[in-house]
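In what follows, chains carry the letters A, B, and so on, assigned in the order in which the sequence lines appear, proteins first and then strands, with residues in each chain numbered from 1.
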2 protein chains.
Amino acid sequence: MKLTKHTDYAFRVLIYLAGYEKDKLATIKEVTAVFDISRDHVMKIVQKLAKAGFVDAIRGKFGGMKLGSNAADINLRDVVTLMEVTLAPVNCEEPPCRIAQGCVLQTLLFEAQELFLSHLGQYTLSDLIKPESETLYIIKALGESFAAGE
Amino acid sequence: MKLTKHTDYAFRVLIYLAGYEKDKLATIKEVTAVFDISRDHVMKIVQKLAKAGFVDAIRGKFGGMKLGSNAADINLRDVVTLMEVTLAPVNCEEPPCRIAQGCVLQTLLFEAQELFLSHLGQYTLSDLIKPESETLYIIKALGESFAAGE
DNA sequence: TCAAAAGATGTATTTATAATACCCCTATTA
DNA sequence: TAATAGGGGTATTATAAATACATCTTTTGA
């Protein structure tokens with residue numbers, strides 16, 4: 001039932017970027033410092049997000065990253081689907097289940113999972129950083145204290 | 001998003017018992033043979049199910065196990081809740097998330113999880129072994145071939 | 001033109017925990 | 001009292017997630 005830390009971290013990064021002024025770049029270093037996750041780890045997550053187009057990563061001096069599209073266009077379900085390796089709630093083949101054929105439980109579990117995902121599918125990143133929200137306020141504060149040399 | 005094998009196996013055992021004639025006992029040995037899971041492993045799962053009252057385990061010679069109540073009274077949500085160690089989709093405390101306070105994502109994830117669980121909550125074991133169902137047929141066949149010396 | 005800043009990527013290691021195995025115990029009944 | 005059946009603590013193994021290491025390429029301005 002648990003999502004991986006990768007998915008968790010991906011959301012933290014995306015929310016942080018969404019809280020930024022549009023087109024302002026954040027660096028890996030900044031995200032690393034703000035969330036206290038190792039550079040290497042953040043890199044892996046950002047690269048995955050970049051390949052999927054959720055973030056734009058700009059190389060070179062004065063490079064950095066920003067959202068790849070409007071926060072309102074980044075669907076939460078898509079983020080989960082991207083980051084999670086195994087989405088299936090059960091694996092009836094490995095080891096093979098003797099009663100898998102025609103198993104109603106299988107169907108119910110996949111329906112349940114679809115309800116989980118489709119609930120997230122109703123929201124986008126912009127729902128997480130509404131103006132006047134606590135999150136937006138916190139992000140701005142974190143960004144400022146990083147800029148001020150932590 | 002994945003459930004543990006323990007939960008998976010617990011369901012296999014329960015479905016098997018539900019497919020049995022009421023009050024007929026199945027042994028650990030039988031379940032072990034039918035599902036090709038080790039005795040020790042089956043024991044652990046059955047013990048957990050027994051402690052929760054989902055199965056009655058009867059010790060001693062000619063002992064065995066059967067459902068602890070009517071299949072219609074064994075709710076699928078309760079089985080998942082019993083078997084899964086970590087139900088929370090994310091852990092915002094470990095490592096602590098700097099933007100956890102007032103985080104909307106948290107709320108959405110828990111809502112999504114609740115939809116998952118409540119879907120299962122609408123069904124019981126008896127929904128999985130309806131008369132004339134393929135599952136019931138398969139279980140009877142497995143039971144017979146075990147009785148016939150595998 | 002090269003040094004500094006920034007992201008890219010493949011591989012290896014560590015850690016957590018799920019899964020499994022081992023061992024010996026207790027209960028029941030012919 | 002022996003055979004059959006479940007009980008339960010502890011140890012080990014396997015798997016995958018999490019993390020670390022090393023080395024790369026890209027960009028830009030002095």
Got a salt bridge between B/E84 and B/K2, using NZ or NE/NH1/NH2 to carboxylate O under 4.0 Å? no
Just the rounded figure in Å: distance from P of D/dT19 to CG of A/D8. 11 Å
Between B/K5 and A/I58, just flag the one whose closest nucleotide in DNA chain C comes earlier from the 5' side. A/I58
Quick one: do B/D40 and B/K44 make a salt bridge, cutoff under 4.0 Å? no
From CD of A/Q47 over to C1' of D/dA20, roughly how many Å is that when rounded to an integer? 14 Å
d(CZ, B/R39; P, D/dA5) in whole Å: 11 Å
Is a donor-acceptor pair below 3.5 Å formed from side chain B/K29 to base D/dG6, judging by atom type as modelled? no
Does B/K51 make a side-chain donor-acceptor contact with the base of D/dG8, cut-off 3.5 Å? no
If you pin A/D40 and B/A57 to their nearest nucleotides in DNA chain D, which one's is more 5'? B/A57
Phosphate-side-chain proximity, A/Y9 and D/dT19, N/O vs OP1/OP2 below 4.0 Å: yes
Whole-Å distance separating the CG atom of B/L3 from the C1' atom of C/dT17: 16 Å
Taking only Lys NZ, Arg NE, NH1 and NH2, and the carboxylate oxygens of Asp or Glu, determine whether A/E21 and A/K66 approach each other closer than 4.0 Å. no
Just the rounded figure in Å: distance from C1' of D/dA16 to CE of A/M83. 15 Å
Could you check whether B/V85 gets within reach of a base, just the sugar-phosphate, or nothing at all, counting any heavy atom under 4.0 Å? sugar-phosphate
B/D56 has an atom CG; how far is it from atom P of D/dA5, in whole Å? 18 Å
Nucleotide C/dA18, atom C1' - distance to CD1 of B/I37 in whole Å: 15 Å
Separation of A/N91 CG from A/T86 OG1 (nearest 0.5 Å): 9.5 Å
Cation-pi, A/Y9 ring and A/K5 (6.0 angstrom, 45 degrees): no
What is the separation between atom CZ on A/F35 and atom C1' on D/dA18, rounded to the nearest whole Å? 18 Å
Hey, could you give me the OG/CG distance between A/S118 and A/L120, rounded to the nearest 0.5 Å? 8.5 Å
Any side-chain N or O of A/H41 less than 4.0 Å from the OP1 or OP2 oxygen of D/dA20? no
Mark yes or no for a side-chain to base donor-acceptor pair under 3.5 Å between B/R59 and C/dT26, with no hydrogen or angle criteria applied. yes
Atom pairs, protein N/O to nucleotides 28-30 of chain D N/O, distance under 3.5 Å:
none

Under 4.0 Å between a side-chain N or O of B/S38 and OP1 or OP2 of C/dA21? yes
Can you tell me which residue among A/T135, A/L14, A/I15 is in a side chain to side chain contact (heavy atoms under 4.5 Å, CB included) with B/L105? A/I15
